[in-house]
There are 2 protein chains.
Amino acid sequence: MPYSPASGPLTANASGQPAASDDDPAAIGRRVRALREARGISLSALARQAGVGKATLSGLENGTRNPTLETLYAITAQLGVPLTAVLSAPASGATVRGAAVSATLLEVFEDSDVTYELYRMRVAPGPGQLSPAHQAGVTEHVTVFTGVLRAGPVDAPLTAAAGGHLRWASDVPHVYAAVGDEEVTASLLLRYPRK
Amino acid sequence: MPYSPASGPLTANASGQPAASDDDPAAIGRRVRALREARGISLSALARQAGVGKATLSGLENGTRNPTLETLYAITAQLGVPLTAVLSAPASGATVRGAAVSATLLEVFEDSDVTYELYRMRVAPGPGQLSPAHQAGVTEHVTVFTGVLRAGPVDAPLTAAAGGHLRWASDVPHVYAAVGDEEVTASLLLRYPRK
DNA sequence: CCCGATCGTTCCGTTTACGGAACAGCGTTG
DNA sequence: CAACGCTGTTCCGTAAACGGAACGATCGGG
């Protein structure tokens, strides 16, 4: 049983960087209250419209309760905003970092037998970074936004400039490196079969 | 959203309403399970690592429980993904709709002289949709997640299946159409020069 | 002034999400 | 083929999130 490389396109896992930072539950309450007041709605009215108790909404706004998804969804739906609008940071991101590369997960999409993970990736100028082989069947698609990227299997990396597109099977060790002095920005799509 | 008009990939419509749409709670469970299995972690192990009960995680994955934010966060943090990765919701508010195509803006990136807009796109089965010419210098990059997509200039459209990648200059009228009965899901990257 | 209406908070009984333990199913071992 | 180790599910007592009602505070009108 091959121990799968933790999360994300890089080895680095966040075992050491859990939570703490921006999951402040009180922040959610503050955002809800701000959205409500921006619309000039009273707590009582919003609670009634959303079909939740006033006690629930009050506790949520003050951070004294740990709401269920159902409750939070009912409220955000009534405010006309997506759930993500009140969760952590706007461009929320589990960010995986390496020496030269950082990648932020934008979205996960599940097909019937394949999973896609879409990242925004940045590669700093310098020697680049090595990423170990992923499980079999994993494909990486990269579209370069800025700079010049050299990436792919260690023995046969590819190069693309802004607007270019790279694609390789990543079941072998592969590298990411910025060519030149400019930081590389790109989108990275990971495609792997569901087991 | 402080973000530019940019009329999106489709003719501007933006009917606006972030309709309640489907917030299928079971879908959250399916995503969590998919992410867990993709990492080769057992339910028992993930529950222990995340500090939640096995019963909780089991119920969550099977959609028989309505988790609290705290619970869901503990699990997604351990998986190394943001909360938004498992929430069905349209990640960002800006959704552009057409008859057959809908696209949700995920992120905007500004380079010194070029702007990128990254969308998640869905194309419903059927006759497809025509999009008028964009300004000169606009390039579209599409990576297909599910289904088979036929897209590109009206006089020379290209075809790609799941995992495939298309790219064309979109300063001429172009089309999007799903081939076959399956809905097409894809990422769409718009690249255009700043004025 | 008093009164009614509404504000947000707090109290309380009910519902339910929680974690621990017991459970059945499956592969591997001795 | 019992004995293990592991999987994921189900049972159950407890903690807490829930909605409804009661509360004090604040505002505007008669």
Side-chain angles (χ1 to χ4, degrees), chain A residues 1-4 6 18-19 23-79 83 86-88 110 112-113 115 135 193-195, chain B residues 20 23-79 81 83 86-89:
Chain A
M1 47 157 120
Y3 181 36
S4 132
D23 68 331
D24 183 8
I28 296 175
R30 284 195 297 271
R31 292 194 190 91
V32 169
R33 174 158 292 181
L35 287 169
R36 174 174 65 79
E37 293 181 344
R39 287 159 177 69
I41 310 174
S42 72
L43 185 150
S44 311
L46 177 58
R48 177 170 34 79
Q49 292 169 15
V52 306
K54 290 163 59 175
T56 300
L57 181 52
S58 175
L60 187 152
E61 289 192 356
N62 292 318
T64 61
R65 277 198 194 180
N66 168 28
T68 62
L69 270 188
E70 188 178 22
T71 298
L72 191 57
Y73 180 80
I75 293 167
T76 55
Q78 192 58 40
L79 288 171
L83 269 177
V86 300
L87 296 175
S88 55
E110 310 283 339
S112 54
D113 55 346
T115 300
Q135 46 186 302
R194 193 102 48 86
K195 280 176 301 199
Chain B
D23 166 48
D24 184 7
I28 296 175
R30 283 196 296 272
R31 292 196 187 85
V32 169
R33 174 157 292 181
L35 287 169
R36 173 175 65 78
E37 292 181 343
R39 286 158 178 70
I41 309 173
S42 72
L43 186 149
S44 311
L46 178 58
R48 177 170 36 78
Q49 292 168 14
V52 306
K54 289 164 58 174
T56 300
L57 182 52
S58 176
L60 168 68
E61 289 191 356
N62 292 317
T64 61
R65 278 199 192 178
N66 167 29
T68 61
L69 271 187
E70 188 178 23
T71 298
L72 191 58
Y73 181 81
I75 293 167
T76 55
Q78 193 59 40
L79 288 171
V81 303
L83 272 176
V86 299
L87 297 175
S88 60

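Chain letters run A, B, ... following the sequence lines, proteins first and then strands; every chain starts at 1. Note that these values count all heavy atoms, side chains included, but never hydrogens, waters or copies made by symmetry.
Heavy atoms of other residues, nucleotides or ligands lying less than 6.0 angstrom from CD of A/E70 number 12 at most.
In plain terms, the two heavy atoms of A/L69 and B/L69 that are nearest each other are CD2-CD2, 4.0 Å. The two residues B/S58 and B/L43 have their closest heavy-atom pair at CA-CD1, 3.9 Å. B/L60 approaches B/P67 most closely through the heavy-atom pair CD1-CG, 3.4 Å.
Contact check for A/T76 versus A/L35: no side-chain heavy atoms found under the 4.5 Å cut-off.
Rounded to whole angstrom, the span from the CZ atom of A/R48 across to the P atom of C/dC7 amounts to 8 Å. With rounding to whole Å, A/L46 atom CG is found 16 Å from C/dT6 atom C1'.
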Between protein and nucleotides 8-18 of chain C, what N or O pairs are separated by less than 3.5 Å?
| residue | atom | partner | partner atom | Å |
| --- | --- | --- | --- | --- |
| C/dG8 | OP1 | A/R36 | NH1 | 3.1 |
| C/dG8 | OP1 | A/L43 | N | 3.4 |
| C/dG8 | OP2 | A/L43 | N | 2.7 |
| C/dG8 | OP2 | A/S44 | N | 3.4 |
| C/dG8 | O6 | A/K54 | NZ | 3.4 |
| C/dT9 | OP1 | A/N62 | ND2 | 3.2 |
| C/dT9 | OP2 | A/S58 | OG | 2.8 |
| C/dC18 | OP1 | B/T68 | N | 3.3 |
| C/dC18 | OP1 | B/T68 | OG1 | 3.3 |
| C/dC18 | OP1 | B/T71 | OG1 | 2.4 |

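Here the options are A/T71, A/L46, A/N62, the test is side chain to side chain contact (heavy atoms under 4.5 Å, CB included), and the partner is A/L57; only A/L46 passes. Results of the side chain to side chain donor-acceptor pair (under 3.5 Å) test with B/E61 over B/R31, B/R36, B/R30 single out B/R36 as the only residue that passes.
Rounded to 10 degrees, the angle separating the terminal axes of the helix from C/dC1-D/dG30 to C/dG30-D/dC1 is 0°, with each axis obtained from five end pairs.
The distance from the CG atom of B/L87 to the CG atom of A/L72 is 9.0 Å, given to the nearest 0.5 Å.
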